[in-house]
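Both backbone and side-chain heavy atoms feed into the values below; hydrogens, waters and symmetry mates do not. Quick note: residue numbers are just sequence positions, from 1.
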Amino acid sequence: MNILIALLPAIGWGVMPLITGKVGGSPVNQIFGIGAGTSIIGLTAFLITRPSVNLTAFCFALLCGALWTIGQIGQFISFKRIGVSNTFPLSTVFQLVGNSIIGVLIFGDWPGAKAKIIGVIALIIVIVGALCTSVSDQKGGKVSMKDALFLLCTTVGFWIYSSFPNIPIIKAQSGTSMFLPEMLGILLGAVIYGFFADRRSFTQREQYLNIIAGLVWGVAGLSYIYSAQANGNTSAFIWTQLSVVIATFGGILILHEHKSHKEMIYTIAGIVLIVLGSIATSFA
């Protein structure tokens with residue numbers, strides 16, 4: 001049962017971009033669907049578990065969720081530009097490298113020389129993996145520097161989201177008590193983005209069909225909380241790295257994103273390096 005719980009986040013987070021890719025719609029439609037779907041899961045979980053909630057922590061978590069949408073909107077736009085199979089590995093690496101640097105500089109992660117050496121080597125491995133997944137037969141490459149920089153800049157939303165749990169007032173709360181406000185924050189961020197980017201999106205069919213993807217993401221997020229409790233934070237994190245495998249090869253096989261033989265070989269090698277490097281960081 002613990003293994004099943006550990007697999008749910010990886011499956012959910014890996015499948016989510018495939019669902020939004022099949023449903024279609026604009027990034028506005030897609031982020032709203034994620035916000036609405038996750039809020040439904042968050043509210044359901046809250047009503048079942050009835051956790052105690054600190055008001056200040058609730059507000060922080062709400063803000064955390066809203067800022068997370070910056071990163072997810074960046075992903076959705078990048079899915080349109082360079083495809084899921086190119087975006088997801090790069091985004092995974094940007095998140096991992098950024099979160100690791102923030103953890104070391106601000107929160108004191110990787111204490112001691114040995115931990116730092118392991119961590120740096122692991123990050124070099126994932127960066128090499130990202131470069132492998134970006135190899136292209138096309139002149140100039142499928143992933144331009146502009147595309148990579150855009151994804152990197154929007155990843156700041158994910159970095160902030162990942163850093164929030166280390167704030168003392170949030171750290172003192174249970175994961176289940178913070179889940180609903182974080183999901184409501186995602187919905188709030190999605191509504192604000194939709195209001196300014198495309199108000200007509202609220203009348204579009206894809207806006208609401210994408211809620212399916214949000215439900216899947218929400219189940220994955222909730223499962224991760226229970227996986228960390230059942231399997232430990234390190235094991236839970238390691239299992240989630242399978243999401244990059246599911247999303248990347250799902251983009252190729254299900255969304256029919258073309259890869260030449262050479263590109264496929266480099267993509268496979270890159271994904272292996274990213275997964276191995278990600279796992280290695282958890283031991284730093």
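Here the options are S78, S91, P17, the test is side-chain contact (heavy atoms from CB on, under 4.5 Å), and the partner is V84; only P17 passes. Test I265, D137, I252 against K259 for side-chain contact (heavy atoms from CB on, under 4.5 Å) and you get one pass: I252.
The ring pair (Phe, Tyr, Trp, His ring centres under 6.0 Å) search around F88 returns none, not counting sequence neighbours. Partners of S26 by side chain to side chain donor-acceptor pair (under 3.5 Å), not counting sequence neighbours, listed by chain and number: N29. Evaluation of the ring pair (Phe, Tyr, Trp, His ring centres under 6.0 Å) rule for F79 yields F76 as partners, not counting sequence neighbours. With sequence neighbours excluded, the residues forming a ring pair (Phe, Tyr, Trp, His ring centres under 6.0 Å) with Y208 are F32, listed by chain and number. Residues passing the ring pair (Phe, Tyr, Trp, His ring centres under 6.0 Å) test with F179: none are found, sequence neighbours excluded.
Sorted pairs that involve residues 101-128 and meet side chain to side chain donor-acceptor pair (under 3.5 Å), not counting sequence neighbours, are lacking altogether. Sorted by first then second residue, the side chain to side chain donor-acceptor pair (under 3.5 Å) pairs that include residues 177-188, not counting sequence neighbours, are Y161-E182, S174-S177. Applying the salt bridge (Lys or Arg N to Asp or Glu O under 4.0 Å) rule to pairs touching residues 183-200 yields D198-R200, sequence neighbours excluded. Screening residues 51-73 for side chain to side chain donor-acceptor pair (under 3.5 Å) gives Q72-Q75 as the qualifying pairs, with residues at least two apart or on separate chains.
The CZ atom of F150 sits 10.0 Å away from atom CD1 of I82, with the distance rounded to the nearest 0.5 Å. Note that CG of L96 is 9.0 Å distant from CD1 of I127, once rounded to the nearest 0.5 Å. Atom-to-atom distance recorded for L7:CG and N2:CG is 11.0 Å, nearest 0.5 angstrom. Remark: K262 NZ to T267 OG1 distance equals 11.5 Å, nearest 0.5 Å.
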Between F283 and I238, is the side chain to side chain contact (heavy atoms under 4.5 Å, CB included) condition met? List the steps.
CA-CA 10 Å; F283 294 102; I238 289 172; 3.9 Å; yes
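Residues W159 and N99 have side chains in contact (heavy-atom distance under 4.5 Å, counting atoms from C-beta outward).
D147 and S144 share a side-chain donor-acceptor pair at under 3.5 Å. Side-chain atoms of T155 and Q95 form no donor-acceptor pair, as typed in the model, at a separation below 3.5 Å.
Formation of a donor-acceptor pair under 3.5 Å by the S235 side chain with backbone atoms of G232 is not found in this model. Of the possible polar contacts, one joining the S39 side chain to the M183 backbone as a donor-acceptor pair under 3.5 Å is found. Not one N or O on the side chain of T248 forms a donor-acceptor pair closer than 3.5 Å with the backbone of V245.
Grouping Ile, Leu, Val, Met, Phe, Trp and Tyr residues whose side-chain heavy atoms lie under 4.5 Å apart, directly or via other members, places I125 in a hydrophobic cluster with I117, V120, I121, I124, V128, L273. Residue I48 is found outside any hydrophobic cluster, as its side-chain heavy atoms come under 4.5 Å of no other Ile, Leu, Val, Met, Phe, Trp or Tyr.
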Report, one line per pair, each donor and acceptor closer than 3.5 Å where one atom sits in a side chain of residues 219-229; sequence neighbours left out.
residue	atom	partner	partner atom	Å
S223	OG	V219	O	2.7
S227	OG	N231	ND2	3.2

